[in-house]
Amino acid sequence: MELSKAYAHGEIEARWYRYWLDLGAFRPSDGGASFSMVIPPPNVTGSLHMGHALNNTLQDILCRYKRMDGYSVLWVPGTDHAGIATQNVVERQLAEKGQNRAQLGRAKFIERVWQWKEEAGNTILNQLKALGVSCDWSHERFTMDEGLSRAVREAFVRLWEDGLLYRAERLINWCPRCKTALADIEVVHEETDGHLWHIRYPFVDDPANGLIVATTRPETMLGDTAVAVNPEDPRYRRAVGRKVRLPIAGREIPVIADAYVDPTFGTGALKITPGHDFNDFEIGQKYDLPTICIFDDDARIRAAAFAENGKEPEWLQRYKGKDRFEARKLIVEQLKDEGLLEKVEPYRLALGRCYRCQTPVEPYLTPQWFVKIKPLAEPAMEVVRDGRVKIVPEGWANSYFAWMENIKDWTISRQIWWGHQIPAWYCAACEAGHIVKTGQGDFLLTKEARPIVAREQPTKCPVCAGDQFIRDPDVLDTWFSSGLWPFSTLGWPDQTEDLKRFYPTSVLVTGFDILFFWVARMIMMGLKFMGDVPFRDVYIHALVRDQEGQKMSKSKGNVIDPLDVMDKFGTDAFRFTLAALAAMGRDVKLAEDRIAGYQNFVNKLWNAARFVLMNLSAGNAAVDSSDGKLNLADQWILSRLSATIGKTREALDTYRFNEFAHHLYQFTWHEFCDWYIEMSKLALNSGDANERQKTERVLATVLENILLLLHPIMPFVTEEIWHALKEKLGQNDPKATIMLQPYPRAAEGDVRPEIEERVGYLMEITRAVRNLRAEMNCPPSKEVKVLVYGSGDNLTLLKAHERYLRALARVGAIEYRTEGERPKGAATAVVGETEVYVPLGDMINLEEERTRLSRELGKMEEELARVRKKLGNSDFIAKAKEEVVRREKEKAAEFEEKIRTLNLSLGRIDEIAQPGDKA
Ligand SMILES: [Zn+2]
Ligand SMILES: [Zn+2]
């Protein structure tokens, strides 16, 4: 097996993924300590975006590392049924054919969703495979599969039995488009420009006067059942206890006093709408006010709310069936006409929107299911406090506590069809009074309906022994089932071998956006049902943004598609980029040229491997690093390798993925490729067979270790090279994989500071000569003479290893001096106590160089003047983007620096080239 000239990622990636699957290399090994993770299940509707790519790359790095390090690794993959999102997808498909779900009926509709899931639901998992993830696919789960559905029913019933679940009529967040309840965190609040309308409510006993209320939602006044003022407010002392007449609807409503009212807001008189405002609902409960639900489930004015004795009042004709925003317009108009609108002011308000469809959420009164959350939240805070769950980076723990301390009961019922239907039944006989039939097969469960919660449909009503039941039509919040994910996927409620071995899981890797939706719920549920935390560590990574730090979005046109860049630059380069940019607590700012940069790194590794393989005599096995007879360069690179192994492990053990990538990049590119390979050529070409053989072994050893170290982050290219290397070494095994080789470990004493110091000195001298050559623009092919002034060990060292200096800095003659007059007309560098001189005449033609430098200097000065003029132009500074100004300033600094070095070089020439001297 030969390495081709260039690395062709496409074919190689597919081949090795297939190979790993065939080997069963992703399955947990029989022996070894357990290391387990569950994937944050992507929505079954999803397709791979940058967030998934980052999340799964980091997880895969950990899994591959731990697997190589001898752990029995289980990484559970799967997808989430994503209730509303999936239902929306299928509903859209129906709409294209002019159908809707009501026409289809529940059973048929759900069948359709399953059908869709079979056809399209695996897209994201296949895309994840392209990313190289080493999940155990034999453990793949779906939140609606049979086992997980059983877990959901079990959890629900146990919560009910423990008194942590209740069904009640409460004001909840309602999405009038999705027509379902939403949990508090499914509502996204954003600052919006609105208005504050001041409306006069006339006193019943004195219609010429009244109270002025201020509201941001005039349409809800139809549901007002009181006006409240602060008892301490002197303006309203005489109003309390009287009645006002509600404009338009004409109802008489009381004026009440409550300390909750903020006298400084608006006029200090607050309209109370218990049916459509959470705070008003509380006040309504306190004062026993009626709650009027003025909207239907699609937020249109509901005539039934106002009908008296089956008759609709006259005023209603104008409003009934009108959407809430249209109703607002009409109401404001009518108030104006009636002279009851006092004034309108602009006002900023936090508008809540549905996180799925952005429709403004409506507080809505319906019977729902709730989880009593406090008893679950307390222990979930405790385990983070006492370190049983460690949140990394630590800062997120504060957000976690803040949220958990203010947590409200969790609304878990959703009025959609796709999801886990609630395991609660209602007796059709004895509780018939509470089931309102609303049409053929349709029914409404009132708040009084008493559920029978059970794992399976009951056969007999415990009250009347009837055997006809209606099942609660609601389904559970998607996050209810994903909250069970770390143990339901391992077989709970059965006490399986998997649960014993792999629960609690080792670490959860996830984005901060689902810290509350998901992470907090898993901790609560894990403690409740398993009596233990679901994971030891939670590593929270940031978002992937564009180069400028902007969120990627279709509308901005700055989205980078992971599949595109994997195709273009190779998956390894892409994965490396994500890890290299994933600094703890900082957003990942991704640009294609970063990926292109790391593709160069992949190519660098490839070319280095080709060099090693080409120079390796077949069968020359890897080296024993304790071999003391190695030459200095060989000893040095082995020491550096050991240091790198230590740093790499430390970085991975502390989730510092960017440092992990950085150490490997530095070592591979700068130490191995730039220095060691160049140094090794001297041994390879020395004619000393013994030395050559040893260096060959070191090359092979270091290359193999680089491959092993890099494997978790760049699985494909490392596997490809590793096989070629093994073959060359005569160690090939048709079933071997780098995936299952031990991860490198450095022993005490493998890092040898004295060797590194010595080579460090040689490198500095080499660098100094190289710099002098570069500064003086010495042609690369030109050999120069070097004079070294120094003493002691360093000089001995340099003398003994001068071949490196000769080869790496293209040096011919070297003269060593301990004292004496320093030469004139030479470029100088000082390295510690060593002085290095390179006669200029050796490097360049002085006159030509003077001309060239002068010309260059002139050009730079012109450029600098141009930029300075621009920066001096106040018009430009005022109009240009910050970014552009910054770039211009950088340019100016760059030109200044160039001018400085050019003057320095010219000075040197002047120093030696006396007038008339045509050196
Ligand atoms: Zn919605
Ligand atoms: Zn009954």
Side-chain angles (χ1 to χ4, degrees), residues 43 45-46 80-95 100-102 109 113 160 167 171-190 192 276 278 295-300 323-325 350-366 368 410-419 423-437 443-454 456-472 474-480 513-514 517:
N43 284 355
T45 49
D80 192 287
H81 67 280
I84 298 179
T86 309
Q87 176 156 327
N88 285 353
V89 168
V90 178
E91 280 191 276
R92 266 200 302 277
Q93 288 185 345
L94 288 178
N100 63 44
R101 70 175 154 117
F109 178 77
V113 183
W160 174 260
R167 182 176 183 272
L171 208 58
I172 45 90
N173 300 295
W174 181 265
C175 175
R177 202 217 62 88
C178 301
K179 291 197 186 170
T180 179
L182 298 171
D184 288 344
I185 61 175
E186 290 171 323
V187 179
V188 184
H189 291 274
E190 60 178 43
T192 316
H276 296 282
F278 289 98
F295 297 126
D296 274 322
D297 61 3
D298 56 358
R300 291 174 184 278
D323 172 77
R324 55 190 162 157
F325 298 109
L351 185 65
R353 292 175 183 275
C354 168
Y355 83 121
R356 283 288 180 213
C357 73
Q358 281 75 50
T359 302
V361 160
E362 187 62 48
Y364 196 60
L365 190 69
T366 52
Q368 301 288 347
W410 176 16
T411 318
I412 52 167
S413 42
R414 296 289 179 275
Q415 287 66 49
I416 56 175
W417 286 350
W418 175 242
W425 286 264
Y426 303 84
C427 174
C430 72
E431 304 251 354
H434 301 309
I435 300 174
V436 183
K437 295 229 156 55
F443 57 90
L444 212 74
L445 291 165
T446 67
K447 62 180 172 183
E448 288 83 11
R450 268 195 277 135
I452 303 166
V453 172
E456 304 295 338
Q457 171 159 346
T459 49
K460 209 164 92 180
C461 168
V463 180
C464 74
D467 60 359
Q468 295 296 305
F469 297 93
I470 284 172
R471 185 167 182 179
D472 196 305
D474 289 356
V475 302
L476 286 166
D477 180 0
T478 294
W479 299 99
F480 188 91
D513 48 337
I514 49 176
F517 276 109

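We count ligands from 1, going down the list as the structure has it; atoms in each ligand are counted the same way. Heavy-atom basis, side chains included; hydrogens, waters and symmetry copies ignored.
The Zn ion (ligand 2) lies at the vertex of an angle of 110° between the SG atom of Cys461 and the SG atom of Cys464 (rounded to 10°).
Of the possible donor and acceptor atoms, one in the side chain of Thr86 sits under 3.5 Å from a partner among the backbone N and O of His81.
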Go through the steps for Gln415 and Gln368 under the test side chain to side chain contact (heavy atoms under 4.5 Å, CB included), then give the verdict.
CA-CA 9 Å; Gln415 287 66 49; Gln368 301 288 347; 2.8 Å; yes
Worked check of side chain to side chain contact (heavy atoms under 4.5 Å, CB included) between Gln87 and Val113:
CA-CA 7 Å; Gln87 176 156 327; Val113 183; 6.0 Å; no
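The heavy-atom pair separating His189 from Gly352 by the smallest distance is ND1-CA, 3.6 Å.
No side-chain heavy atom of Tyr426 sits under 4.5 Å from any side-chain heavy atom of Arg471.
Ring geometry, His276 versus Phe295: the interplanar angle exceeds 60°, so the pair is classed perpendicular (tilted spans 30 to 60°).
Listed by chain and number, Cys175 SG, Cys178 SG, Cys354 SG, Cys357 SG are the protein N/O/S atoms closer than 2.8 Å to the Zn ion (ligand 1), with waters left out.
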